[in-house]
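The structure appears right after this line, and notes come after that.
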There are 2 protein chains.
Amino acid sequence: MKDQTTRDHIIEAADRLFYQQGFEHTSFSHIAGAVQISRGNFYYHFKTKDEILEAVINKRLADRRMMLGQWEIDGDTPVDRIQSFINILLVNKDKIQLYGCPIGTLSTELAKLNHGAQEQANQLFTLFRSWLGRQFSLLGRDRDADVLAMHVLAHSQGVATLANAFNDEAFIRQEVRQISDWLAEIAGHCPKEQGQQQLSKKEQEK
Amino acid sequence: MKDQTTRDHIIEAADRLFYQQGFEHTSFSHIAGAVQISRGNFYYHFKTKDEILEAVINKRLADRRMMLGQWEIDGDTPVDRIQSFINILLVNKDKIQLYGCPIGTLSTELAKLNHGAQEQANQLFTLFRSWLGRQFSLLGRDRDADVLAMHVLAHSQGVATLANAFNDEAFIRQEVRQISDWLAEIAGHCPKEQGQQQLSKKEQEK
DNA sequence: GACAAATTAGGACGGTCATCCTACATCTGT
DNA sequence: ACAGATGTAGGATGACCGTCCTAATTTGTC
């Protein structure tokens with residue numbers, strides 16, 4: 001009870017280390033060292049390493065859900081919100097160049113390990129996929145909303161992978177500019193009345 | 001000398017296993033089992049695991065160089081050749097859905113391990129990058145050839161990552177269709193008119 | 001067929017890993 | 001003050017890892 005903190009510290013450190021070093025390559029000792037607790041003490045909080053992974057995924061899900069929720073508040077139009085997603089590449093450019101995308105690289109690793117938590121990790125992708133799809137629907141692109149959502153998602157993944165490999169910030173900026181233009185074009189061709197309605201609704205809250 | 005075969009068998013098995021299971025997760029025992037040789041016998045052919053990795057990367061480099069060389073022969077126009085690159089996603093769609101892109105996933109893993117062979121593995125990306133850039137130059141896009149090359153490369157990486165996560169063949173087809181249209185458009189706007197007629201020839205499955 | 005070189009087999013080694021156990025400390029409510 | 005619950009420490013365990021050694025076997029050459 002009192003130690004929600006210790007448990008949270010473990011999850012937090014594991015989250016960071018799984019991102020920086022990968023899941024398999026991160027050992028209990030690594031995490032214990034980061035949290036400054038005894039190695040054996042782990043067993044009290046988590047029975048297995050997979051349990052830590054599960055907790056980390058759930059934390060990431062919660063974090064991203066909160067982020068998307070915030071964008072729903074801040075972004076006045078669906079285009080704004082999709083743009084917020086695209087901008088993750090810029091906001092996190094330094095980390096992406098060092099470690100890639102936290103969601104994509106985890107998903108890739110778990111696929112190779114044929115790990116049972118693959119499905120759970122994919123919920124992270126699904127979360128963004130359906131959220132983006134909803135935004136495109138609001139833009140009046142209901143018919144191909146999912147296709148567009150997957151396209152944006154794939155674009156981010158590709159950019160993150162290559163930015164990581166080449167450690168290239170200029171490339172990130174270039175690609176963000178390009179996909180933003182694409183988004184603006186999409187928006188221009190759309191019957192976007194629905195999006196505007198959302199705008200006025202959300203605008204009151206500020 | 002006489003046993004180019006055994007050594008090659010090891011490299012071949014390691015290549016496959018590194019792709020399917022990842023580098024770190026693949027042990028000497030795994031490879032030995034696949035090649036059906038004694039575990040200890042490895043030391044005769046490779047002093048360390050990193051040496052095997054190096055050999056695997058060199059093999060992949062040689063394989064891809066040969067593939068690109070063949071495309072130079074088969075593809076009558078730069079557009080044909082770029083299209084050949086795009087079509088890898090279709091040709092290897094089954095493996096990509098299971099294991100992702102062999103180049104991208106290796107690069108991603110080595111980055112997380114902070115492994116010394118990162119640079120060498122990146123030569124695989126660089127090989128495609130400069131080859132694609134050369135094709136775009138031939139199309140008359142000399143000024144932004146590298147930007148276009150990186151765009152195509154990133155696209156493939158993104159599609160491979162998501163196709164792997166969602167095990168989604170339809171998504172691959174959708175994205176290949178879209179990027180092919182983009183390529184056709186690029187070719188159409190170019191000073192060289194080599195692009196168009198060949199495209200209809202190669203326009204493939206339904 | 002003899003002999004040296006090339007190749008293979010099998011196991012030993014030190015280390016690290018995830019997991020688990022038990023003794024010790026600290027807190028909580030009475 | 002005390003007893004049970006909660007949390008911590010540190011090490012034991014067995015498995016697997018990459019690496020390395022050495023004895024056996026195969027191969028090429030005369």
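Note that the structure is a prediction, hence the values are computed from the model and not measured.
At least one test fails for A/R60 against the ring of A/F18: distance under 6.0 Å to the centre or angle within 45° of the axis.
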Check residues 116-125 of chain B and write down every donor-acceptor pair under 3.5 Å in which the side-chain atom is one partner and the other belongs to a residue at least two apart or another chain.
| unit_1 | atom_1 | unit_2 | atom_2 | d |
| --- | --- | --- | --- | --- |
| B/Q118 | NE2 | B/H115 | O | 3.3 |
| B/Q120 | NE2 | B/N58 | OD1 | 3.2 |
| B/N122 | OD1 | B/S107 | OG | 3.3 |
| B/N122 | ND2 | A/A165 | O | 2.5 |

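When the side-chain nitrogen and oxygen atoms of A/Y44 are compared with OP1 and OP2 of D/dT8, none of them lie within a distance under 4.0 Å. Under 4.0 angstrom from either OP1 or OP2 of C/dT7 there lies no side-chain N or O belonging to B/T6.
Atom pair B/H45:NE2 and C/dA9:C1' shows a separation of 12 Å (rounding to whole Å applied). Remark: C1' of C/dT26 and CG of A/N41 are 13 Å apart, rounded to the nearest angstrom. Atom CD in B/E51 sits roughly 14 Å away from atom C1' in D/dC20 (whole-Å rounding). Regarding A/H9, its NE2 atom lies at a distance of 15 Å from the P atom of D/dG7, rounded to whole Å. The separation between B/I52 atom CD1 and D/dC17 atom P is 13 Å, rounded to whole Å. One can place CG of A/D8 at 13 Å from P of D/dG7, the figure rounded to the nearest angstrom. With rounding to whole Å, B/I10 atom CD1 is found 14 Å from D/dG18 atom P.
With respect to A/D63 and A/K59, a salt bridge is recorded, a charged nitrogen being found less than 4.0 Å from a carboxylate O. For A/E12 and A/R16, the salt-bridge test fails: no basic side-chain N is under 4.0 Å from an acidic carboxylate O.
Residues from residues 108-119 of chain B that place a heavy atom under 4.0 Å from any atom of DNA chain D: there are none.
Residues A/F28 and A/I31 form no side-chain contact, since every pair of their non-hydrogen atoms from C-beta on lies 4.5 Å or further apart. In this structure the side chain of A/I179 never reaches within 4.5 angstrom of the side chain of A/E175, judged on heavy atoms. At least one side-chain heavy atom of A/H25 sits less than 4.5 Å from a side-chain heavy atom of B/E24. The shortest distance between side-chain heavy atoms of A/Q20 and A/H30 does not fall below 4.5 Å. A/L138 is listed as a side-chain neighbour of A/R81, based on a closest heavy-atom distance under 4.5 Å.
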What N/O pairs connect the protein and nucleotides 17-19 of chain C at under 3.5 Å? Give each pair on its own line.
| unit_1 | atom_1 | unit_2 | atom_2 | d |
| --- | --- | --- | --- | --- |
| C/dA18 | OP1 | A/K49 | NZ | 3.0 |
| C/dA18 | OP2 | A/F28 | N | 2.9 |
| C/dT19 | OP2 | A/K49 | N | 2.6 |

